[in-house]
Amino acid sequence: MQFPKQVEIIEVGPRDGLQNEKVFVPTESKKRLIEKLALAGFDRIETASFVHPKVVPQMADAAEIAAFCRELGMKFIALTPNVKALQRAIDAGVPQIAVFVGASETFNEKNINRSIEQSLAECADVFQLAKKHQLFIRGYVSMCFSCPYEGDVTYEQVKRVVSHFVTYGVDEISIGDTNGQANPQLVYERFSQLKKDFPNTQFVGHFHDTNGFAYANIIAAMQAGIEKFDSSIAGLGGCPFSPGATGNVSTEKVVQLLEEMKIAMNIKQDALKEAALFAKSIIEN
Ligand code: HMG
Ligand code: MG
């Protein structure tokens, strides 16, 4: 087996982890968590989401969080599903944005109230404005293996969204197993095909651990040449519109796994453990 010498871990806990928490986590607690994660050494952290505050109230403090991240001088990512969201993110000085479109129609409609076609058209406007402001653009494709509403998701469904992102000039694409139903064989095949069809695109693996396969899926993705992974501190998270799915893959466990395999990530394990304990302490069980 061949493994990369170095992997980038993108910490998504403050956004993808906390967005699913029913009880509002105080903004000060979110800031402390971000600070601890920055101290642990993550180069990029997804910290906020400029979605509609009525749809995801947990992310209503996005502008204040963004201001704090700017004070810390860190690179951070914020979700911007439409031009209104992007405008809010630009006003808040966000350096890296993320759009998200589902590979399956039903999920996309439930998640952002649009057909895939409408979302892709909206993304074209988001990309255009983001590029004018020289922002780094991440494109998420959600439900890339299976959908809780429609069942199996085909490669062609994923390719459709990826192709649009690539045409619009995306900087990286995060391939989401949003409901955690992928297995290593499917992951290997899907990422290998994506790398073949889009050789110049940076792909990121984004796994949820619903079936306990997320770590095996990371190994399979590395075999297919993937060198960037999203993970969430303390395995927090889930998507409010992905019923039955559990949290994102846990950052501490991914870091431990890769450390033991001698794959470099530049993460400080002690600081990470402290961040994980803190993350658990700020959410209601
Ligand atoms: P909508 O209701 O269809 O929006 O929501 P609209 O365009 O029809 O506008 C309705 C009203 O909302 C208008 O206000 C707009 O101005 C306002 P009014 O004129 O009635 O006063 N509006 C906004 N306000 C604040 N911020 C905005 C915004 N946009 C419109 N950005 C929308 C569409 C996309 C906003 C909504 O459906 C939404 O916020 N969805 C977010 C869903 C979400 O956050 N899901 C979780 C993240 S995705 C995920 O978790 C998967 C991922 O993590 C990958 C993985 O885990 O695998 C990425
Ligand atoms: Mg996720």
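Order of listing sets the numbers, starting from 1, for every ligand and every atom in it. Numbers for residues simply follow the sequence, beginning at 1. These values consider heavy atoms only, across backbone and side chains, with no hydrogens, waters or symmetry-generated copies.
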Inset, instruction - May I ask whether atom 39 (O) of ligand 1 is less than 4.0 Å from at least one protein heavy atom? - result: yes
Inset, instruction - Before giving the answer on side-chain hydrogen bond (donor to acceptor under 3.5 Å, both in side chains), spell out for Q202 and D171 the whole-Å C-alpha distance, their side-chain angles and the decisive distance to 0.1 Å. - result: CA-CA 7 Å; Q202 290 280 323; D171 291 299; over 6 Å; no
Inset, instruction - Give the single entry among H52, K54, E46, E109 that approaches atom 22 (N) of ligand 1 most closely by any heavy atom. - result: H52
Inset, instruction - Could you list the atoms of ligand 1 found under 4.0 angstrom from a heavy atom of G176? - result: 57 (O)
Inset, instruction - Assert yes or no for the condition that the ring centre distance of Y140 to H206 is strictly below 6.0 Å. - result: yes
Legend entry - Residues E122 and R114 bridged, charged N to O under 4.0 Å: yes
Legend entry - Donor on one side chain, acceptor on other, Q193 and E189, under 3.5 Å: no
Inset, instruction - Report the relative orientation of the aromatic rings in F127 and F165; use parallel for angles under 30°, tilted for 30 to 60°, perpendicular for over 60°. - result: parallel
Inset, instruction - Give the contacting part of E122 toward ligand 1: side chain, backbone, both or neither, where contact means a heavy-atom distance below 4.0 Å. - result: neither
Inset, instruction - May I ask you to identify the nearest protein heavy atom to atom 56 (O) of ligand 1, giving residue, atom name and distance to one decimal place in Å? - result: H206 NE2, 3.0 Å
Legend entry - N113 neighbourhood, listing ligand 1 atoms whose heavy-atom distance to it stays under 4.0 Å: 1 (P), 2 (O), 3 (O)
Legend entry - Shortest heavy-atom approach to atom 36 (C) of ligand 1 - which of V55, V99, D16: V55
Legend entry - Whether F203 and F191 hold their rings parallel, tilted or perpendicular, with breakpoints at 30° and 60°: perpendicular
Legend entry - Nearest neighbour in protein (non-hydrogen) for atom 26 (N) of ligand 1: R88 NH1, 2.9 Å
Legend entry - Polar contact flag, side-chain donor to acceptor under 3.5 angstrom, S146-D152: no
Inset, instruction - Would you mind checking if E172 and R44 are paired as a salt bridge, meaning a charged N to carboxylate O distance below 4.0 Å? - result: yes
Inset, instruction - Please determine if N111 has a nitrogen or oxygen closer than 3.5 Å to a nitrogen or oxygen of ligand 1. - result: yes
Legend entry - Pick from T80, I112, V83: the one approaching atom 33 (C) of ligand 1 most closely through a non-hydrogen atom: I112
Legend entry - Test: R32 and E28 ion pair at under 4.0 Å: yes
Inset, instruction - Tell me which part of M143 gets within contact of ligand 1: side chain, backbone, both or neither, using heavy atoms under 4.0 Å. - result: neither
Legend entry - Nearest non-hydrogen protein atom, atom 31 (N) of ligand 1: F50 O, 2.9 Å
Legend entry - Residue, atom name and distance, where the atom is the protein heavy atom closest to atom 28 (C) of ligand 1: K84 CG, 3.6 Å
Legend entry - For atom 35 (C) of ligand 1, the option (of N82, V56, V51) bearing the nearest heavy atom: N82
Inset, instruction - Could you tell me whether a side-chain N or O of S115 sits under 3.5 Å from a main-chain N or O of Q118, the two making a donor and an acceptor? - result: yes
Legend entry - Hphob cluster co-occupancy, I226 + M261, side-chain heavy atoms under 4.5 angstrom: yes
Inset, instruction - May I ask whether atom 58 (C) of ligand 1 is less than 4.0 Å from at least one protein heavy atom? - result: yes
Inset, instruction - Provide the protein N, O or S atoms situated under 2.8 Å from the Mg ion (ligand 2); waters are not included. - result: D16 OD2, H206 NE2, H208 NE2, N248 OD1
Legend entry - Residue A85 vicinity, atoms of ligand 1 by number, heavy atom under 4.0 Å: 31 (N)
Inset, instruction - Kindly identify the option in Q87, R114, Q19 whose heavy atom sits closest to atom 4 (O) of ligand 1. - result: R114
Legend entry - From CD (E117) to NE2 (H164), nearest 0.5 Å: 8.0 Å
Inset, instruction - Give the residue and atom name of whichever protein heavy atom lies nearest to atom 53 (O) of ligand 1, and the separation in Å to one decimal. - result: R15 NH2, 2.8 Å
Legend entry - 4.0 Å protein heavy-atom contact status of atom 18 (P) of ligand 1, strictly under: no
Inset, instruction - Measure the spacing between CD1 of I233 and CZ of F42 and express it to the nearest 0.5 Å. - result: 6.0 Å
Inset, instruction - Please indicate, with yes or no, if any protein heavy atom is found under 4.0 Å from atom 24 (N) of ligand 1? - result: yes
Legend entry - Minimum-distance protein heavy atom relative to atom 49 (C) of ligand 1: C239 SG, 3.7 Å
Legend entry - Any non-hydrogen protein atom less than 4.0 Å away from atom 44 (O) of ligand 1: yes
Inset, instruction - Could you tell me whether the side chains of D16 and S232 share a donor-acceptor contact shorter than 3.5 Å? - result: no
Legend entry - atom 9 (O) of ligand 1 protein-contacted, heavy-atom criterion under 4.0 angstrom: no
Legend entry - Carboxylate-amine/guanidinium proximity below 4.0 Å for K273 and E252: no
Inset, instruction - Mind checking the CG-CG spacing from L236 to N20? Nearest 0.5 Å is all I need. - result: 10.0 Å
Legend entry - Under 3.5 Å: N/O of S142 near N/O of ligand 1: no
Legend entry - Over-ring placement of K30 relative to F24, 6.0 Å and 45° cut-offs: yes
Inset, instruction - Indicate yes or no: does an N/O atom of T178 lie under 3.5 Å from an N/O atom of ligand 1? - result: yes
Inset, instruction - May I ask you to check whether D197 and Y155 show a side-chain donor-acceptor distance below 3.5 Å? - result: yes
